[in-house]
Protein chains: 2
Amino acid sequence: MTLTQLRYLIAIADSGLNITLAAERVHATQPGLSKQLKQLEEELGFSLFTRRGKSLEAITAAGAQVIERARIIQSEAANIRALAANLRNEAQGELRIATTHTQARYALPSAIAGLRKRYPEVGVHLQPGGDAEILDLLERGQTDLAVVSTAGTPPPAGLALPVYRWDRIALVPRGHALTKIGRAPTLADLSAHALVSYESSLKPESSLRRAFDEAGLPLRLAFTARDADLIRTYVGAGLGVGVLAEMALDESDRDVVGLDLDGLLPSCTTWIVLRRDRVLREYALEFIARFAPHIDRRDVRRAFDHGIATDDWPVPPRWRDLDLARLAA
Amino acid sequence: MTLTQLRYLIAIADSGLNITLAAERVHATQPGLSKQLKQLEEELGFSLFTRRGKSLEAITAAGAQVIERARIIQSEAANIRALAANLRNEAQGELRIATTHTQARYALPSAIAGLRKRYPEVGVHLQPGGDAEILDLLERGQTDLAVVSTAGTPPPAGLALPVYRWDRIALVPRGHALTKIGRAPTLADLSAHALVSYESSLKPESSLRRAFDEAGLPLRLAFTARDADLIRTYVGAGLGVGVLAEMALDESDRDVVGLDLDGLLPSCTTWIVLRRDRVLREYALEFIARFAPHIDRRDVRRAFDHGIATDDWPVPPRWRDLDLARLAA
DNA sequence: CGCGTTTACGTCGTTCGTAACGATA
DNA sequence: TATCGTTACGAACGACGTAAACGCG
């Protein structure tokens, strides 16, 4: 058993059992992988895969167990290399950030721009998805850090650092009835209209849905998307009243106007979520320091080593109080 | 970076930085280890050890981090091999059990004898120590399972399976004053004598000490040892009244006699403690099934996979109700 | 016949052990 | 001078890539 064999094994599993594809991904030849796989199976004394003819058909139960452990080994080997790269002050590398569209579009650009200024050789890869997918990516170790938002408690997995708080606003076409009532809309006001909001509102545990349920009001969703820009567009097209993150408000928009909801819905917190068992490259800490400047870098280190309870983190600033220009500097 | 390099690295660290000794332990030559170590350091780009002249002097901070990860890698590699050996129904192997003297001497023999009957090719290695040492061995992955006792809650680390409950008894020379009071001794009775008990009674959190503290009585320890046989011997020699596990009572002993303490001290539970992240060989499960026959083997598996709360385990039988002969069958 | 896997083979790099050398207490 | 680590060298092994054969749809 060698690290190479385990790497090949994982590549094969992650390439849908296509050895040729896996070989390309690890920059090796297909016969090489075939042979190493065979040797590994021989050493272990059982088949990692079932075969139909010559092709791999499925992962055996035992194979799945082995792959699981192999991933841990690979991840720890990567940790050692990351450790080494940090000590050498390597300025090259990659940063994979799994996040939602709203964060990627409105919150992250300045911090990422700042990061790239300090580390021009670091490639940043955004991995968009829904909250569950994002945390799943983190869980499976396929991303370096996740940026997600919750309306209440922090996400259960990993080490969560609070970044900023934000509220939702209502978005209506200019001249819409709701702009004329002279006060912030109530849930009853909203309930009178079809709503346009995030895909996540479809889930029964969404905070929007819960607010309506608790008020005993019906929630009609005319349109949902993950993408705040789409929501804005469709509000402009008159599909209904938008409910979306304040970050997505564009003051210069001629067609639509945002309305404060004044505490109608619970505030949200955006978190950076990390895996405690993963060594971060220096530039990842740099990103965190820029995106969440109110958190002391040493506290992050300490949280990694000893585990800080979530309550011990400082209350994060509100979105509207953030100095985005400073993050990018 | 190879698995071999990491194995050598760990061997060096565990041999007190003596490469020659480490080489013997891994069945390789000293120059081989030297060279691999150098190559690893070269690849990582920093020193794992500080050197005085040619000798290794200390582990660097970064080196400690690497070793920590290397241990995880080694442990997972061992897990894969264990997985494979189980599938092949290998009947050979080793079982390392870290435990206290009392368990090793009185509780384990029948279960181990039974295990050896079923698996004659398995070498069993008892690693004696105090409770803290034992759990430390488990923590550091240097033992397969730990057998420890507590007077209350289960040990905090790992997966704890309750095996049996037991009480402490008093041990006095024949004809001792306490044999003539015609009732079970009270704490006050005991307090009148110097006691002979386990080394662990020296610790302020020991349940014996706590019982005396709570009763406001002084505890005088004339003699302590880890070894119940020694305690018995010194009670026979008249050093004082013994307080020890009922398992250690030897009815055929001519010199001393045991006295029931009748709930004077809290009951103890003996636990098997496992690491959830360690794959056990089939014979280890066999040992568990023999030592704790009231626990369903499948529940152990399930606890490994999903994590069962400690409260969900069945209440273990009392020591005196155990059928030791059956365990050995 | 294309796609993907296995087999065969030659080359190259690496590991490992032996032996000699060097440094330290 | 004994102990422990490094350097040097040769033999053996193993990994890898190229090329060809094989099976399956």
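Quick note: numbers below take in every heavy atom, side chains included, and nothing from hydrogens, waters or symmetry partners. Below, chains carry the letters A, B, ... as their sequence lines are ordered, and counting in each starts from 1.
- Along DNA chain D, the nucleotide closest to A:P31 and the one closest to A:T4 are compared, and the more 5′ of them pairs with A:T4.
- Between B:R140 and B:D136 a salt bridge is recorded (basic side-chain N to carboxylate O distance below 4.0 Å).
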Discussion item. Side chain to side chain contact (heavy atoms under 4.5 Å, CB included) for A:Y198 and A:D227? Distances and angles first, verdict last.
Written reply: CA-CA 7 Å; A:Y198 295 108; A:D227 184 331; over 6 Å; no

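- The CG-P distance, from A:L3 to D:dA15, rounds to 13 Å in whole Å.
- Taking the screw axis at each terminus of the helix from C:dC1-D:dG25 to C:dA25-D:dT1 from five consecutive base pairs, the angle between the two is 30° to within rounding of 10 degrees.
- At whole-Å resolution of the value, CD in B:E57 and P in D:dG5 are 13 Å apart.
- In this structure, A:I12 reaches neither bases nor backbone, as no heavy-atom distance under 4.0 Å exists between it and the strands shown.
- Under the 3.5 Å distance criterion, the side-chain polar atoms of A:R25 are matched with a main-chain donor or acceptor of A:D14.
- Contacts between chain A and DNA chain C, taken as any atom within less than 4.0 angstrom of a protein heavy atom, begin and end at C:dG4 to C:dT7.
- Proximity of a side-chain donor or acceptor of B:E43 to a complementary backbone N or O of B:L40 within less than 3.5 Å is not detected.
- Within the 4.0 Å cut-off from OP1 or OP2 of D:dT18, not a single side-chain nitrogen or oxygen of A:T29 is found.
- Of the residues in residues 34-51 of chain B, those with a non-hydrogen atom less than 4.0 angstrom from any atom of DNA chain C are B:Q36, B:Q39.
- Using modelled atom types and a 3.5 Å distance limit, the side chains of A:T20 and A:Q30 yield no donor-acceptor pair.
- Among the atoms of the strands shown, none is found under 4.0 Å from any heavy atom of A:L21.
- Atom P of nucleotide D:dG5 and atom CG of B:L56 are separated by 6 Å, given to the nearest angstrom.
- Under a 3.5 Å cut-off, the side chain of A:S15 and the backbone N or O of A:N18 do not form any donor-acceptor pair.
- Ionic pairing of B:D277 and A:R69 is not present here: no N-O contact between side-chain nitrogen and carboxylate oxygen is shorter than 4.0 angstrom.
- For D:dG5, one of the phosphate oxygens OP1 or OP2 lies less than 4.0 angstrom from a side-chain nitrogen or oxygen of B:N18.
- We find that A:E286 and A:R297 are joined by a salt bridge, their nearest charged nitrogen and carboxylate oxygen being less than 4.0 Å apart.
- A salt bridge links B:R226 with B:E199: at least one charged nitrogen is closer than 4.0 Å to a carboxylate oxygen.
- Here A:D299 pairs with A:R302 in a salt bridge; the nearest charged N to carboxylate O distance falls below 4.0 Å.
- Per the geometry, CZ belonging to B:R52 stands 18 Å off C1' belonging to D:dT6, to the nearest Å.
- Under the 3.5 Å distance criterion, the side-chain polar atoms of B:S47 are left unmatched by any main-chain donor or acceptor of B:T50.
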